[in-house]
Amino acid sequence: MSQNPIAETIASLMPRAKAELTELVAFQSVADWAQFPKSESEGAANWVADALRAEGFQDVALLDTPDGTQSVYGFLPGPEGAPTVLLYAHYDVQPPLDDDAWVSPAFELTERDGRWYGRGAADCKGGFIMHLLALRALKANGGVPVAVKVIVEGSEEQGTGGLQQYAEAHPELLTADTIVIGDAGNFRLGLPTVTATLRGMTLVKVKIDTLGGNLHSGMFGGVAPDALAALIRLLDSLRSADGSTTVDGLASDAVWEGLQYPEADFRADAKVLDGVGLIGEGTIADRLWARPAVTVLGIDCPPVIGATPSVHASAGALISLRVPPGVDTAEAIKLLEAHLIAHTPWQAKLELEVVGQGQPFQADTSSPAYASMAAAMQVAYPGQEMQVSGMGGSIPLCNTLTSLYPEAEMLLIGLSEPEAQIHAVNESVSPEELERLSVAEALFLVNYAESKRA
């Protein structure tokens, strides 16, 4: 990296960053008390709060959010007249899934082949460490040129919306001129990227009933309406023959004009088995970032082991619909529900329940904050231009903040590049990526403060 004083400072801080990330990863902070003790999340929240206090943050508080978790808040005053920047991360993590599939323990940060492995290393405990590194480097090189608010969420992975509800009830708390969401990632390792769009989403529970109880498939099969068969036909109606999402009335032909995603890279990133085809039509970027996508997340039906020769009376499923920018999630839900009703076969009894939803997000990439970040990333990644990509996932908080603070600029950066394997076993973070993005964030804050003074 160049001999920039901020870059040199952050390079010297990397051993400390590794030690701190080790401590933070050790907390099994899955925000589901049925799986992990609540004390683990509380321990992580207190660790974050102590780290903010040690950096001179004021008004540090553990906010009790309506979903029963805690988000951590702190405020660092800036020079008089300086803009305010809100930095976001989350300390809760996905469960480790299959412990036996981890090469090293999920909650023990382990260095291997130049990467640091552990649950939350990239998503998103590493994002909080990135914020700390940027602020420490600025303090060591003349001071932080902006006022800083930090909010670290405790239930982002659960999608229960606790912080969103808290922010709506306390709209003055997170006001800022610009917001940096540290929960995205570079499109490719070493390629500086901001994420400009997010798909929204909805979760819908489906239940089909056809009979008063299960029946003998030999005596009644072929005439009695089978609820499981009805469910299979209904779910199949949500895709065309090539796998494209087909919800009646929901457009599925939008085009992504920006950074493209080569098919070979996608197949490698997604670990698609040799010979297996991809689904849908259009470019990979079209399908991932500009179009809706339906996924059947689970089905309630008897498992193969223990199954009996029965015509089933009931069956259910959980359906996810990702909603592209430009489409209102509430309207998409109406279209999905109407589609499911219209395509339920044999006049079967259908029950629908919306159990989660979030709006898509689209940033204004022409804003001064993006120019400041582009200049910062050129220094942090010599020879590389900042890229703008979409992301197929959802961060519902972005829309809450956009609604509360429509004048605020918002940027999404982070450590979740493809090799990080977030949400999967053997999640990891690249320490070089952590270092460079910390430099970029620090330089962004300098550039942004100067742009506001101009």
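Heavy atoms only: backbone and side chains are in, while hydrogens, waters and symmetry mates are out. Because the structure is predicted, anything quoted here is derived from the model rather than measured.
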Q. Passes side-chain hydrogen bond (donor to acceptor under 3.5 Å, both in side chains), Q158 versus D32? Steps please.
A. CA-CA 8 Å; Q158 295 299 312; D32 181 352; 5.1 Å; no
I need the minimum non-hydrogen distance between [X] and [Y], along with the two atoms involved.
X    : Y    : result
H90  : D92  : ND1-O, 2.9 Å
R119 : P95  : NH2-O, 3.0 Å
F57  : G74  : CD2-C, 3.4 Å
T246 : S237 : OG1-O, 3.1 Å
A224 : L215 : CB-CD1, 3.8 Å
G161 : D67  : N-OD2, 4.3 Å

Q: Carefully, step by step, assess Q421 and K271 under the rule side-chain hydrogen bond (donor to acceptor under 3.5 Å, both in side chains).
A: CA-CA 11 Å; Q421 294 194 145; K271 295 181 172 58; 2.5 Å; yes
Q: Please name all residues satisfying salt bridge (Lys or Arg N to Asp or Glu O under 4.0 Å) with E281, sequence neighbours left out, ordered by chain then number.
A: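 Result, salt bridge (Lys or Arg N to Asp or Glu O under 4.0 Å) vs E281: R291.
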Regarding [X] and [Y], does a basic nitrogen lie under 4.0 Å from an acidic carboxylate oxygen?
X    : Y    : result
R233 : D236 : no
E156 : K125 : no
R188 : E417 : no

Q. With sequence neighbours left out, which residue pairs that include part of residues 320-348 fulfil the ring-ring contact (aromatic ring centres under 6.0 Å, His included) condition?
A.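 Sorted pair list: H339-H343.
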Q) At what distance, to the nearest 0.5 angstrom, does CE of M391 lie from CG of L198? A)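 The distance works out to 4.5 Å.
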(Q) Just to verify, what does Y166 make a ring-ring contact (aromatic ring centres under 6.0 Å, His included) with, not counting sequence neighbours? (A)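 Once residues adjacent in sequence are excluded, the partners of Y166 under the ring-ring contact (aromatic ring centres under 6.0 Å, His included) criterion are H170.
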Q) Do F187 and Y261 have their ring centres less than 6.0 Å from each other? A)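 Yes, the ring centres sit under 6.0 Å apart.
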Q.
Between S155 and T69, is the side-chain hydrogen bond (donor to acceptor under 3.5 Å, both in side chains) condition met? List the steps.
A. CA-CA 6 Å; S155 58; T69 64; 3.3 Å; yes
Q: Apply side-chain hydrogen bond (donor to acceptor under 3.5 Å, both in side chains) to the pair E153 and Y88, showing each step before the final yes or no.
A: CA-CA 8 Å; E153 189 174 2; Y88 168 90; 2.5 Å; yes
Can you confirm whether the side chains of [X] and [Y] place a donor and an acceptor under 3.5 Å from each other?
X    : Y    : value
E432 : S430 : yes
Q94  : D123 : no
T175 : K149 : yes

**Q.** Pairwise side-chain contact, Y370 with E409, heavy-atom cut-off 4.5 Å (strictly under)
**A.**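 Of all side-chain heavy-atom pairs linking E409 with Y370, none is under 4.5 Å.
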